[in-house]
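See below for the structure under consideration.
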Amino acid sequence: MNKLRLTEERIAQLTDKARLFRIDVLKSVHQVQSGHPGGSLSMTEILTVLYLEKLHINVNDPTDRDVDHVVLSKGHGSPMLYRLLAEVGYFPKEELMNLRHINALLQGHPTNHIPGVDMPSGPLGSAFGAAQGLALAQRLDGLDRRTYAILGDGEINEGAVWEVAMSASKFKLDNLIAILDYNKVQLDGTNDEIMPLGDVPEKWRQFGWNVIECDGHDIVDVNRALDEAIAAKGKPNMIVAHTVKGKGVSYMEGKAAWHGKAIPDDLMKVAMDELGGEM
Amino acid sequence: MPKALREIYGEVLRDVGRENKDIVVLDADLSGSTKSAIFGKEFPERFFNMGIAEANMVSTAAGLAAGGKIPFVNTFTVFLTTIGLIATRGLVCYGNLNVKFGGAYGGVSAAYDGASHHALEDIANMRALPNMLVICTCDENSTRQATEFAVKHNGPVYLRLSRETFPDLYQAGESAFEFGKAKIVRDGTDCTIMGCGIMVHHALQAADILAGKGISARVVDMSTIKPIDRDMIERCIVETGAIVSAEEHNIIGGLGSAIAEAMATMDVHAPMEFVGTEDTFTESGKYADLLKKYKLDPETIAAKAEKAVSRKK
């Protein structure tokens, strides 16, 4: 865990890594013509800072309990999760080019058969409670470790999310850090069109959570929000990360259509040009 | 004096909790009814009352299991296996996580509460999930031993319990439950009644009725429903030539279906009849009256056995 301010050099490094992760993720969903680009791109900086700056993990020993856990409750963001898991050494990054293939390691949605994944996810709302369970287990074992849960804003339409909002607050589960990828767009349209969410930060505050807002695409601000959550005591933490769906690719930004759409070759070329990648 | 299965289960949880500090127990605001409160009273730090939120309870248990704990989740059977099913399937079974399910009010044992609270599809739901084991015991000692097995087994286990007090069948110290193995509890030569839960006792009464009519019925306790004991089924087909399944569950998808699925792929076959609720919802009433009205009684088992015997070639 690094509580020091990020150096300018490190910020530039992480910013460029985020760019490269976007390129690899788009290639992985392009090669199979299936998968969810929009929600992967919106949480790029969140996962980049989390995995490369904050997490205490043990890549070599999956039985080691003295580690932080990550539950990607918005399981459809799997391509970006897989890219980060490859980055920290759970499997070769070439596996991303077999994403969603028969007999391949990387499933459409995360599962714990995949090295580095602690919990299956995909059915929205369900895995958030599992993050709570992991955090409770850490507390029972007296570990100074945290469990991070990444939620989508469409996901919080699910009632099960609000069951955790109540119970984690009851348990004063301050080692649970939820991060909401608040890109304001879900599958069929915007949050406002599909299911208005109201004052999201205030709702979590009212449920008794420590709420921290940040710019989810600003490496420094994401880093600050995570540091604040890690230091906070007595309440579960909700980082509301303001993000843009499809961030980094002009024609995808803010567009519900790119939630789970295959990228045709000509538009893939445009994306690679914008991100500085090769086809 | 026999105790209700839920009471026995609650005591076993407390007993195993004394030996194994990784055991944690969750309930959904019914711990006084499911008897998980017996554990909660002794180990409050390892007991989590999740409120009336079954989906959250099962999800949280999945996380606790992934964190190295052995969680037991508890509520009325019908809520556990419907509202809890999404996390049971998507997290616990898909992830093959070490969560144990205590379905406290199996069958029509929530009697007066009516059809909304009766569980007659739970075995079907749980049996269809890969990695899930399904167990339905019939008395104190078998319930005790099955619960102890659930602690030792690494993976999901469903224990179908009952609100009701069942008579003792097995003596203390006797092997009352052996995972995956059915037990012949009364021998016979003309047909075999394969039951689980309360229906094992009703099958024994049916065997008495049948004896009066000159039919020798074998009774088998099929306490492990998944995986089903194929060897016992094959043996009973060969040795008795007629099969009757008896369960406090819909005849679709439960014990009878498991037996029929197994028999269909065997080289030996026998006429088979099914005793259970016949694809219907139930109603409020006294437990004994419900068992009678919905044909879960010894008389129905005996009649079906006669029919199965009459169908022999």
Side-chain angles (χ1 to χ4, degrees), chain A residues 62-71 73 75 107-114 116-143 145-149 158-171 173 175-176, chain B residues 17 20-29 43-73 75 79-80 82-100 129-131 154-156:
Chain A
T63 66
D64 188 351
R65 284 203 209 175
D66 189 15
V67 292
D68 292 328
H69 298 292
V70 176
V71 174
S73 198
Q107 301 300 300
H109 292 81
T111 157
N112 57 344
H113 316 152
I114 298 169
V117 178
D118 293 319
M119 186 58 56
S121 60
L124 295 173
S126 216
F128 190 25
Q132 167 176 257
L134 280 159
L136 284 170
Q138 288 169 322
R139 185 156 85 182
L140 283 168
D141 286 339
L143 302 173
R145 296 293 174 214
R146 278 150 202 89
T147 298
Y148 297 86
E158 289 278 3
V161 169
W162 301 98
E163 295 181 0
V164 180
M166 282 185 273
S167 56
S169 180
K170 166 185 164 175
F171 298 135
L173 206 52
N175 62 327
L176 177 64
Chain B
N20 189 332
K21 302 296 174 205
D22 280 334
I23 291 173
V24 296
V25 174
L26 298 88
D27 206 299
D29 195 30
F43 306 107
E45 73 289 353
R46 286 192 271 145
F47 177 76
F48 303 100
N49 199 322
M50 304 303 296
I52 307 160
E54 297 79 9
N56 188 20
M57 174 173 70
V58 178
S59 289
T60 303
L64 282 159
K69 304 300 167 194
I70 307 173
F72 279 73
V73 294
T75 183
F79 308 139
L80 186 63
T82 55
I83 307 172
L85 196 61
I86 178 76
T88 304
R89 179 191 182 274
L91 305 181
V92 176
C93 287
Y94 186 30
N96 198 16
L97 297 168
N98 199 17
V99 179
K100 318 302 171 184
L129 299 172
N131 291 328
N154 185 19

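Note on naming: letters A, B, ... go to the chains in the order of the sequence lines (proteins, then strands), and numbering restarts at 1 for each one.
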Side-chain heavy atoms of B:K21 within contact of A:L140, under 4.5 Å: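 Result no, sub-4.5 Å side-chain heavy-atom pair not found.
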Close side-chain approach of A:V164 and B:T60, heavy atoms under 4.5 Å: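 No, too far: nothing below the 4.5 Å cut-off.
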Of all heavy-atom pairs between [X] and [Y], which one has the smallest distance, and what is that distance?
{"X": "A:P120", "Y": "B:G90", "value": "CB-O, 3.4 Å"}
{"X": "A:E163", "Y": "B:A53", "value": "OE1-CB, 3.4 Å"}
{"X": "B:S59", "Y": "A:S126", "value": "OG-O, 2.7 Å"}

Residue selection (most heavy-atom pairs with chain A, distance under 4.5 Å) from B:G68, B:A61, B:A55, B:A65: B:G68
Pairs of heavy atoms under 4.5 Å with chain A: top-ranked of B:R89, B:M57, B:K69: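 Maximum pair count with chain A is reached by B:K69.
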Straight-line distance of A:E158 CD to B:I86 CD1, nearest 0.5 Å: 7.5 Å
Identify which part of [X] has an atom lying under 4.5 Å from any heavy atom of chain A, answering side chain, backbone, both or neither.
{"X": "B:A62", "result": "both"}
{"X": "B:V24", "result": "side chain"}
{"X": "B:L97", "result": "side chain"}

CZ (A:R145) with more than 12 external heavy atoms under 6.0 Å: yes
Contacting moiety of A:Q107, where chain B heavy atoms sit under 4.5 Å: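 When you check distances to chain B, only side chain atoms of A:Q107 fall under 4.5 Å.
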Part of A:N112 lying under 4.5 Å from any heavy atom of chain B: side chain
Residues of residues 128-138 of chain A near chain B, each having a heavy atom less than 4.5 Å away: A:G129, A:A130, A:Q132, A:G133, A:L134, A:L136, A:A137
Criterion side-chain contact (heavy atoms from CB on, under 4.5 Å) on B:N56 and A:M166, from CA distance to verdict: CA-CA 10 Å; B:N56 188 20; A:M166 282 185 273; over 6 Å; no
Aromatic contact, A:H109 with B:Y94 (centres under 6.0 Å):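 Ring centroids of A:H109 and B:Y94 are no less than 6.0 Å from each other.
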Residues in residues 43-50 of chain B that sit under 4.5 Å from chain A, counting heavy atoms only: B:E45, B:R46, B:F48, B:N49, B:M50
